[in-house]
Each structure stands twice: as C-alpha cells, then as structure tokens.
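Read through the structure below, which is laid out as structure tokens, and then see the notes.
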Amino acid sequence: MSDTSSNTMWGGRFAAGPDAIMEAINASIGFDQRMAAQDIAGSRAHAAMLAATGIVENSDAEAMREGLLTILSEIEAGTFQFSTALEDIHMNVEARLKDLIGEPAGRLHTGRSRNDQVATDFKLWVRDQFDAAEAGLVVLIKALLGQAEAGAEWVMPGFTHLQTAQPVTWGHHMMAYVEMFGRDLSRVRDARARMNESPLGAAALAGTSFPIDRDMTAEALGFDRPSANSLDAVSDRDFALEFLSCASISAMHLSRFAEELVIWSSAQFRFVALSDRFSTGSSIMPQKKNPDAAELIRAKVGRIFGANTALMMVMKGLPLTYSKDMQEDKEQVFDAADSWMLALAAMEGMVRDMTANRDSLAAAAGSGFSTATDLADWLVRVLGLPFREAHHITGALVAKAESKGCDLPNLALDEMKVAYAGITQDVFTVLGVENSVHSRTSYGGTAPVQVRAQIARWKEILT
Ligand code: ARG
C-alpha cells in the first residue's frame, strides 16, 4: 500500500497528512515490529471468532486467515515493507492485508480497537519473556547445584562487611544463590499467572455492541480468561511493570553474584578461575584474563532498573483509559528483556564453566581469625562462661595472635591461659575450620550435611 496524504485507517475526518515531525514522534513501527507474530496471532484469533459468531462471513474470515499467514511468512522472510506513515505494527499488518485480500480486510477491525489490540499483543510478548526467564532461571539454578554438589564440604571464608567472619562451605555459598534465583523463579511464575487475562474484545475502552465471544479468543490465545473490565483492560500495564520488577530483582541478584565473581577471580583472591570461554584478554597486558562477562552483567542491571523506573514514570500520571504515552512502554520492556535473558545466559555459562580453587578457598578460610566465634562458643559450652565474657576473652586472644602475626590455632596453651586460666587443650579441637563448618548443623546452616539436604530438596523441586 502506498502512503497517502491523509491516513486511510483513520483519515476520514482529516484533510491533510501529518507533518514529518508529527510522523516521527508518533510512529512506533521502528520498535513494535517485534510484536508482529503476536499481532498476527491476535488477528487470527479475532477473525476466527468473528466468523464463529456470524459477525463476518466464513469466506471473509478464511481470506483474512490466508492473508495473515502470508504476511507472517513475509515478515519472517524479511521481505515485508514496514511503513512509518502507517505508524505501528497493527496498521502495517492491516494495510498489507488490504493489499492482499481487498475488501474483507476492512472487516477485521470489527468489534475491536488498536487499544485492546496493542494490550493483547504486548501481553503475549511479555508472557513469552516470562517463559524465557523461567527457563533461564532453571538452567542457572541447575548449574549452581552442580557447583554446590562438587564442593559441598570445601571450606571458604564467609564474609560480613567483606571482612572474614566465619568459615562456611563453598556449597553453602552456591546454595545461597540457588535460594535467591529460586525466589526469582517463583516471582516469575506468580506474575505470569496473574497477567494471563485477555484484553481482546475490550475494544476502544467500553466493550462493543457486536455479539463477540471473548472466551473464544482468550482460549485461542492461551489466556486463562478474558479480563473483566474493559476500561482496565486497555489501560493496564501492570503486567509489564511486574515483568520489569521481576527482572530488576533478579538482575540485582545477578549483579551481586557478578560482583563476587569479579572479586574472586582476581589475583588477590584466586577463589575461582573463569573459563577461557567466558573471559577476555588484554590487548596490551599479556598476563590478563578479565571477567568481562561478570562486569557486563553487573552493568546491564542499570538498564533494567532504568526501564522499571521509566515505565513507572510513564504510567503514574495517566487518567483512564488509553493515552499515547503508553506507546512508550515497549522499548523499555524490550531492552530490559534482552538484557535480562543475556545476563541469565552469561551467568549460567560462567557458573557451569568455572573452577573453584579449593586450596585458595581453604587457605583463606583459615585466615583472619575466622574461628574466633567457635572459640567463644567453646568457652560458653565447655566452661560455662556468659557469652559476653567469652566474647571479651576471645577478643584479647585475637589481639594477641594479631600482634604475633599468627592465627588462633598457632597460639600456645600457656598464652591462652593468660587470657583465661580455665582454658584447656581441648580448645584446639574447635579452632580448625573443618571442625567449625561441620559443627554448624542447625537447619539452614553451613555444615555439609545441611548443604547436601538443601541440594537434594532443590533437585526434588526442579524435577
Ligand atoms: N501504537 C500504539 C501503542 O503502542 C497502538 C495503540 C494506538 N491507539 C490509539 N488510540 N492511538 O500504544
């Protein structure tokens, strides 16, 4: 279809075509062509329903179906000519349908509007992305379970304030992320279930006087039911905001983990080695192996948070129902979805390929007086001291070790007795990191027996 001076879709009351700047600010075809498959699916469902309810002739509906399938193959083959003058994906498809099948194309828009059409298309697109995120999270969790299983009892330092706190196990640290990504997974599933109502048939805003069958189109498009209020149906973008919220929280988890991988892969830590497949080199420093994927995950999170904020801002001042502001929803969501999927995949690849350096982890686990809490607990448990007093005595022993430049297990019993005369040789049994982690058997604790129980629970959940 050739561009005309006034729009053939709604140009009845217009004598002149739009200014070029108007066309530029108004058109969304540059980005909403990503919803072409969804738009055609929505139109096919609508056409079939129009025939089933007797609103259009079967022969017209059949022509629409054929034409829409032709358009889909043209788009897939890259031969479809998108036109900015036709504003958006909906009008581009409809205009092409007119080219292909003539007069019956004009009947497709009976009992619907672009307002319910765009809401439907966008929901279908976002729903696919929820499914992709679910799949991405599941494989990432499985990769983490693999790491946790391999190193369920490898000791490493646990940190608070990035200062050595208490020894933990590698498996326990990996399983902490399994819990985080597991909650992300559950958020994705909740949000997907909540958004799965069909706006199609809400028409412009008020519903329609045609005897349409909204249950039929909802079912054909895989929705659980039609949305119950037409005003809400055309103006709701909660589903996109929930997608961005889910993406933001998950991206925050990805970013924290990415930050740890950047630190852990440094020469100062050497906790992990990232694979060549997920690292880059330096053009000038031959020794370098950089954790670029982790850094880019950490950075992409900014785009996702930005999209969430941007769409909140777009929506917050809009009266019911549709306003053109809402056209600004898509690019944010497209970009955030791309960033989230890529970050999930990159993290999964890094985790699957990375090698934990058991020796470095163990050496670090024993440094920094990491078993000081075990010493204090021993004073309470064996000698019956109040915890506050035990804390004070242990602090004095840490200061002593620090001044000698040694670790707690290297202090002599006599030196210990200076801090508290009742200390016996038995104390040395709790100063080793292995003993420390094996003793933390409380539910959810770092003892390998607990870590293995959690790995088994997650494997059960994911089967
Ligand atoms: N391109 C528009 C959007 O993305 C489609 C809906 C247009 N509706 C309208 N009343 N102008 O929101």
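These values consider heavy atoms only, across backbone and side chains, with no hydrogens, waters or symmetry-generated copies.
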Would you kindly say whether [X] and [Y] are connected by a side-chain donor-acceptor distance under 3.5 Å?
| X | Y | value |
| --- | --- | --- |
| His438 | Glu153 | no |
| Lys123 | Asn196 | no |
| Trp264 | Asn357 | no |
| Ser265 | Arg270 | no |
| Glu179 | Trp458 | yes |
| Thr373 | Gln166 | yes |

Please indicate whether [X] has more than 12 foreign heavy atoms, meaning atoms of other residues, nucleotides or ligands, lying under 6.0 Å from its [atom1].
| X | atom1 | answer |
| --- | --- | --- |
| Glu415 | CD | yes |
| Lys459 | NZ | no |
| Lys289 | NZ | yes |
| Glu259 | CD | yes |
| Lys316 | NZ | no |
| Leu69 | CG | yes |

Between [X] and [Y], is there a side-chain N and carboxylate O pair less than 4.0 Å apart?
| X | Y | result |
| --- | --- | --- |
| Glu260 | Arg256 | no |
| Asp184 | Arg187 | yes |
| Arg34 | Asp338 | yes |

Quiz item: Could Arg192 and Phe130 be counted as a cation-pi pair, given that NZ or CZ must be under 6.0 Å from the ring centre and within 45° of the axis?
Solution: no
Practice problem: Report yes or no: is the cationic atom of Arg127 (NZ for Lys, CZ for Arg) under 6.0 Å from the centre of the six-membered ring of Phe243, at an angle within 45° of the ring normal? | Solution: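 Judged by the rule (NZ or CZ under 6.0 Å from the ring centre, within 45° of its axis), Arg127 is not positioned above Phe243.
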Would you indicate whether the side-chain heavy atoms of [Y] and [X] approach each other to under 4.5 Å?
| X | Y | result |
| --- | --- | --- |
| Leu383 | Trp378 | yes |
| Ser113 | Tyr322 | no |
| Val430 | Ser439 | no |
| Glu87 | Arg114 | yes |
| Ile141 | Leu185 | yes |
| His172 | Val437 | no |
| Met174 | Thr169 | no |
| Glu295 | Asp292 | yes |

If you measure from [atom1] on [X] to [atom2] on [Y], what distance do you get to the nearest 0.5 Å?
| X | Y | atom1 | atom2 | value |
| --- | --- | --- | --- | --- |
| Arg112 | Ile212 | CZ | CD1 | 11.5 Å |
| Gln33 | Asp88 | CD | CG | 11.5 Å |
| Asp39 | Gln117 | CG | CD | 4.5 Å |
| Ser230 | Leu205 | OG | CG | 6.0 Å |
| Ile423 | Leu379 | CD1 | CG | 5.0 Å |
| Asp32 | His90 | CG | NE2 | 5.5 Å |

Quiz item: According to the interplanar angle, ranging from 0 to 90°, do the rings of Phe269 and Phe271 count as parallel (below 30°), tilted (30 to 60°) or perpendicular (above 60°)?
Solution: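 The arrangement is perpendicular - the two ring planes meet at more than 60°.
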Identify every side-chain donor-acceptor pair in residues 406-413 under 3.5 Å, counting partners at least two apart or on other chains, and give the distances.
| unit_1 | atom_1 | unit_2 | atom_2 | d |
| --- | --- | --- | --- | --- |
| Asn410 | OD1 | Asp407 | N | 3.0 |

Exercise. Mind checking ring pair (Phe, Tyr, Trp, His ring centres under 6.0 Å) for Phe181 and listing every partner two or more places apart, or none if nothing turns up?
Key: none
Quiz item: Tyr177 and Leu254: side-chain contact (heavy atoms from CB on, under 4.5 Å), yes or no, with the steps?
Solution: CA-CA 9 Å; Tyr177 283 103; Leu254 287 164; over 6 Å; no
Self-check item: Residues that Asp329 engages under salt bridge (charged side-chain N to carboxylate O under 4.0 Å, His left out), provided they are two or more places apart
Solution: Arg237
